[in-house]
Amino acid sequence: MAPRTPRRIAEALLAPALALGATVGLASAPAQAAVWSSCDQWGNTSLNGYTLYNNIWGSGAGSQCVWANSGTNWGVNANHPDTGGIKSYPNAKKVINKPITSLGSLSSGYNVSVPSSGAYNTSYDIWDTDHDYEIMLWVNYNGAVGPLGTSQGDVTLGGHTWTVYKGSNGANEVFSFLRTSDSSSGTVNILPILKWIKDTKHWFGNETIGDVQFGYEITSSSGGLNFTTNNLTVSSS
């Protein structure tokens with residue numbers, strides 16, 4: 001997979017808008033009066049303890065707009081061409097900033113409405129504070145998309161059964177957990193997944209978990225498709 005939000009934001013500071021600047025405004029926000037909306041490539045805001053990002057970072061992207069009624073109820077209309085390669089990862093982020101051994105709990109609930117066409121995944125993207133490790137949890141996916149690395153087999157953790165992949169994007173290691181069947185709503189107990197990586201597989205040590213992001217990694221959405229987060233909660237102790 002391609003790099004995600006920490007480097008995406010860094011890239012945003014360096015990358016020219018190019019032709020994308022002329023196209024990002026073409027998608028439309030929903031008809032309802034949202035608390036916040038943006039069609040800007042790097043549009044972002046903070047609501048209710050969550051940071052929302054439009055985050056159009058991939059090459060060859062089309063138009064995309066994000067809207068939000070709150071930090072936990074938001075959505076995206078995206079019209080990206082079917083040309084391969086990830087175009088964007090619109091997401092909501094909750095900052096944790098605790099070492100794994102200091103966490104008593106880390107969990108999330110999600111409820112989404114996603115299209116039956118296009119190529120995308122609905123995923124958590126979890127980072128340590130040094131951005132050495134990325135843990136992705138795909139709760140559903142559609143079309144020509146796939147994780148980095150090689151399969152490590154199936155495991156049941158955090159209330160779900162996943163196929164696990166281990167790889168690298170050249171800048172950080174990536175551990176991808178793909179749910180073995182699609183889900184549009186549920187609860188994920190994230191802490192046992194982190195402890196399994198740390199204590200069972202020894203793929204990293206007592207990392208400090210920085211961000212828990214949840215959103216849509218979109219490869220194509222020709223014609224304009226809607227992705228709606230009906231509800232999202234991320235909680236820790």
Side-chain angles (χ1 to χ4, degrees), residues 1 4-5 8 23-58 61-82 86-94 107-126 136-145 159-160 177-179 181-188 190 211-235:
M1 308 294 287
R4 289 165 190 86
T5 300
R8 289 168 181 162
T23 62
V24 292
L26 299 180
S28 58
Q32 74 263 32
V35 170
W36 173 78
S37 63
S38 177
C39 299
D40 293 342
Q41 182 177 4
W42 310 110
N44 64 87
T45 194
S46 294
L47 291 170
N48 316 111
Y50 296 81
T51 302
L52 291 148
Y53 294 100
N54 201 26
N55 198 24
I56 309 169
W57 66 269
S63 57
Q64 177 178 294
C65 293
V66 61
W67 58 267
N69 293 317
S70 68
T72 62
N73 173 220
W74 57 277
V76 177
N77 178 274
N79 186 357
H80 297 302
D82 186 11
I86 300 163
K87 307 302 192 301
S88 67
Y89 180 61
N91 69 87
K93 177 183 80 174
K94 188 73 173 284
S107 63
S108 178
Y110 62 92
N111 185 303
V112 301
S113 299
V114 291
S116 57
S117 59
Y120 63 87
N121 65 65
T122 304
S123 57
Y124 292 89
D125 205 7
I126 302 162
M136 294 202 76
L137 313 177
W138 295 22
V139 297
N140 62 58
Y141 46 99
N142 190 74
V145 295
H160 304 263
F177 292 70
L178 277 62
R179 201 177 187 277
S181 61
D182 284 345
S183 170
S184 60
S185 64
T187 300
V188 181
I190 298 171
D211 302 339
V212 174
Q213 304 163 18
F214 178 87
Y216 309 95
E217 195 171 51
I218 305 171
T219 294
S220 69
S221 53
S222 297
L225 299 178
N226 291 310
F227 303 78
T228 304
T229 303
N230 302 306
N231 191 49
L232 169 70
T233 59
V234 178
S235 59

Determine, step by step, whether Tyr120 and Val145 satisfy the side chain to side chain contact (heavy atoms under 4.5 Å, CB included) criterion, reporting the C-alpha distance in whole Å, the side-chain angles of both residues, the deciding distance to 0.1 Å, and the verdict.
CA-CA 6 Å; Tyr120 63 87; Val145 295; 5.6 Å; no
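- The two residues Ala119 and Ala144 make their nearest non-hydrogen contact at CB-N, 3.8 Å.
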Would Phe214 and Ser108 satisfy side chain to side chain contact (heavy atoms under 4.5 Å, CB included), going step by step from the backbone distance to the final call?
CA-CA 9 Å; Phe214 178 87; Ser108 178; 5.6 Å; no
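- Atom-to-atom distance recorded for Lys93:NZ and Asp125:CG is 11.5 Å, nearest 0.5 angstrom.
- A donor-acceptor distance shorter than 3.5 angstrom exists from the side chain of Ser183 to the backbone of Ser185, with no hydrogens or angles considered.
- Closest approach of Ser221 and Ala78 over heavy atoms only: OG-O, 3.0 Å.
- In this view, Tyr110 satisfies the ring pair (Phe, Tyr, Trp, His ring centres under 6.0 Å) rule with no residue, not counting sequence neighbours.
- Taking each heavy atom of Thr51 and Ser46 in turn, the nearest pair found is OG1-OG, 3.4 Å.
- Of all non-hydrogen atoms in Ser38 and Asp40, the two that sit nearest each other are OG-N, 3.1 Å.
- In this structure, the side chain to side chain contact (heavy atoms under 4.5 Å, CB included) partners of Ser113, at least two apart in sequence or on a different chain, are Thr228, Asn230.
- Side-chain N or O atoms of Asn48 include one that pairs as donor or acceptor with a backbone N or O of Gly71 at under 3.5 Å.
- There is a side-chain donor-acceptor pair under 3.5 Å between Ser88 and Gln64.
- Atom NZ of Lys87 is separated from atom CD1 of Ile218 by 10.0 Å, given to the nearest 0.5 angstrom.
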For the pair Trp36 and Val66, evaluate side chain to side chain contact (heavy atoms under 4.5 Å, CB included) and give the outcome as yes or no after the intermediate values.
CA-CA 8 Å; Trp36 173 78; Val66 61; 3.5 Å; yes
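- Side-chain atoms of Ser107 do not come within 3.5 Å of backbone N or O of Ile190 as any donor-acceptor pair.
- Judged by distance alone, with hydrogens and angles left aside, the side-chain atoms of Ser220 form no donor-acceptor pair with the main-chain N or O of Ser222 at under 3.5 Å.
- The aromatic rings of Tyr216 and Phe227 sit tilted, their planes meeting at an angle between 30° and 60°.
- Interatomic distance, Glu217 CD to Tyr89 OH, rounded to the nearest 0.5 Å: 7.5 Å.
- At distances below 3.5 Å, not a single donor-acceptor pair connects side-chain atoms of Asn226 with backbone N or O atoms of Pro115.
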Assess the residue pair Trp42 and Asn55 against the criterion (side chain to side chain contact (heavy atoms under 4.5 Å, CB included)); give the C-alpha distance rounded to whole Å, side-chain angles, the decisive distance to 0.1 Å, and a yes or no.
CA-CA 5 Å; Trp42 310 110; Asn55 198 24; 3.5 Å; yes
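- With rounding to the nearest 0.5 angstrom, the OG atom of Ser37 is 11.5 Å from the CG atom of Leu52.
- No donor-acceptor distance shorter than 3.5 angstrom exists from the side chain of Asn69 to the backbone of Trp74, with no hydrogens or angles considered.
- Atom CZ in Arg179 sits 14.5 Å away from atom CG in Asn121 (nearest 0.5 Å).
- The side-chain heavy atoms of Leu137 and Ile126, taken from C-beta on, include a pair separated by under 4.5 Å.
- Residues satisfying the side chain to side chain contact (heavy atoms under 4.5 Å, CB included) criterion with Asn44, sequence neighbours excluded, are Tyr53.
- Side-chain atoms of His80 come within 3.5 Å of backbone atoms of Gly62 as a donor-acceptor pair (strictly under, hydrogens ignored).
- Formation of a donor-acceptor pair under 3.5 Å by the His160 side chain with backbone atoms of Thr187 is found in this model.
- Of all non-hydrogen atoms in Ala92 and Leu232, the two that sit nearest each other are CB-CD2, 4.0 Å.
- The two residues Pro90 and Val76 have their closest heavy-atom pair at CB-CG2, 3.5 Å.
- When only modelled atom types and interatomic distance are considered, Thr122 and Asn140 share a side-chain donor-acceptor pair under 3.5 Å.
- Counting only distance, with no hydrogens or angles, the side chain of Asn77 and the backbone of Cys65 share no donor-acceptor pair below 3.5 Å.
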